Amino acid sequence: MPNNDTPQNWGYLLTGQVSENLIRTLEGQEALNNYSDENQYNTQLIRNQRATELILDILGVETLPFYVRRFSSSQSAPFENWELTLATDTDDFIFPDKLRNRNQTLQLWTSIHISGRGCLTVRFIRFVDIEEGNIDALVY
């Protein structure tokens, strides 16, 4: 399991309909239709590439803090499910333009291998109220 006290750099993998949903949310259905090819495999690659560009547009290249909520998984499962919410309550936080314009923060629903190896598997992306990016929002 990764050390909780040290910032971590993770690669990520977009799964299922994550790319399509992100493009549709940010650019609309017509834009989603434009990212296609006759070959379904190529269409998925094109859409994944565009979704990755959108994530980079949102997050930029600087390190940003996320609050992590871990959800239990079965003892036999090699994965844990995490909810990552972009922290908006730090003193030095500069809101990414695409999120400031939406007046929202980014939330990722992910899975990670318990050993810490591999990449972060992004299963769902959504935009939530800015207040959910506060530390108090994680307390139920």
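Worth saying up front: this structure is predicted, and the values here are computed from it rather than measured.
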Worksheet item: According to a 4.5 Å side-chain heavy-atom criterion applied to Ile, Leu, Val, Met, Phe, Trp and Tyr, with indirect links allowed, do Val68 and Phe124 form part of one hydrophobic cluster?
Response: no

Worksheet entry | Ser19 side chain to Ala51 backbone, donor-acceptor under 3.5 Å | no

Item to complete: Dump the intermediate steps for side-chain contact (heavy atoms from CB on, under 4.5 Å) on Asn48 and Tyr35, then the final yes or no.
Response: CA-CA 10 Å; Asn48 283 348; Tyr35 300 112; over 6 Å; no

Practice prompt. Assess the side chains of Gln29 and Asn33: does a donor N or O sit below 3.5 Å from an acceptor N or O?
Written response: yes

Response to the item:
Contacts of Arg100 meeting salt bridge (charged side-chain N to carboxylate O under 4.0 Å, His left out) (sequence neighbours excluded), chain-then-number -> Asp97

Worksheet, complete the sentence: CD (Gln17) and CD (Gln44) are apart, to the nearest 0.5 Å, by 7.0 Å

Discussion item. Please find the pair of heavy atoms, one from Val18 and one from Ile125, that lie closest to each other, and give the distance.
Written reply: CG1-CD1, 3.6 Å

Practice prompt. Start with the C-alpha gap between Leu26 and Ile58, add the side-chain angles, then the distance that decides, and say whether side-chain contact (heavy atoms from CB on, under 4.5 Å) holds.
Written response: CA-CA 10 Å; Leu26 294 177; Ile58 292 169; 3.8 Å; yes

Discussion item. Rounded at 0.5 Å granularity, tell me how far CG in Asp129 sits from CD in Glu132.
Written reply: 6.0 Å

Worksheet item: Which heavy-atom pair separates Gly133 from Thr85 by the least distance, and what is that distance?
Response: CA-CG2, 3.9 Å

Worksheet entry | Test log, rule side-chain contact (heavy atoms from CB on, under 4.5 Å), inputs Ile55 and Val122 | CA-CA 12 Å; Ile55 290 171; Val122 179; over 6 Å; no

Worksheet item: Once you round to the nearest 0.5 Å, how far does CD of Glu83 lie from CZ of Arg70?
Response: 14.0 Å

Worksheet item: Does the side chain of Thr121 reach to within under 4.5 Å of the side chain of Thr110, using non-hydrogen atoms?
Response: no

Discussion item. Quick one: does any side-chain atom of Asn39 pair with a main-chain N or O of Tyr41 as donor and acceptor, under 3.5 Å?
Written reply: yes

Fill in: Cluster check Leu86, Trp82: I/L/V/M/F/W/Y, side chain < 4.5 angstrom
yes

Fill in: Under 3.5 Å donor-acceptor, Ser36 side chain and Thr43 backbone
no

Worksheet item: How far apart are the closest heavy atoms of Ile23 and Ala31, and which atoms are they?
Response: CG2-C, 4.4 Å

Discussion item. Looking at Ile94, I want to see if its CD1 is surrounded by more than 12 non-hydrogen atoms of other residues, nucleotides or ligands under 6.0 Å.
Written reply: no

Discussion item. Can you tell me how the ring of Phe71 sits relative to the ring of Trp109, calling it parallel under 30°, perpendicular over 60° and tilted otherwise?
Written reply: parallel

Item to complete: State which residues pass side chain to side chain contact (heavy atoms under 4.5 Å, CB included) with Asp89; sequence neighbours excluded, sorted by chain then number.
Response: Tyr67, Ala87, Asn134, Ile135

Worksheet, complete the sentence: Sequence neighbours excluded, the answer for salt bridge (charged side-chain N to carboxylate O under 4.0 Å, His left out) partners of Arg50 is Glu27, Glu53

Worksheet item: So, does Arg126 use its side chain to make a donor-acceptor pair with the main chain of Gln107 at under 3.5 Å?
Response: no

Item to complete: Taking Arg47 for its side chain and Leu32 for its backbone only, find out whether a donor-acceptor pair lies under 3.5 Å.
Response: yes

Worksheet entry | Shortest non-hydrogen contact from Leu106 toward Leu99 | N-CD1, 4.1 Å

Discussion item. Given Tyr12, which partner from the list Leu84, Ile112, Thr52 fulfils the side-chain contact (heavy atoms from CB on, under 4.5 Å) test?
Written reply: Thr52

Response to the item:
To the nearest 0.5 Å, atom CG of Leu22 lies from atom CZ of Phe127 at 5.5 Å

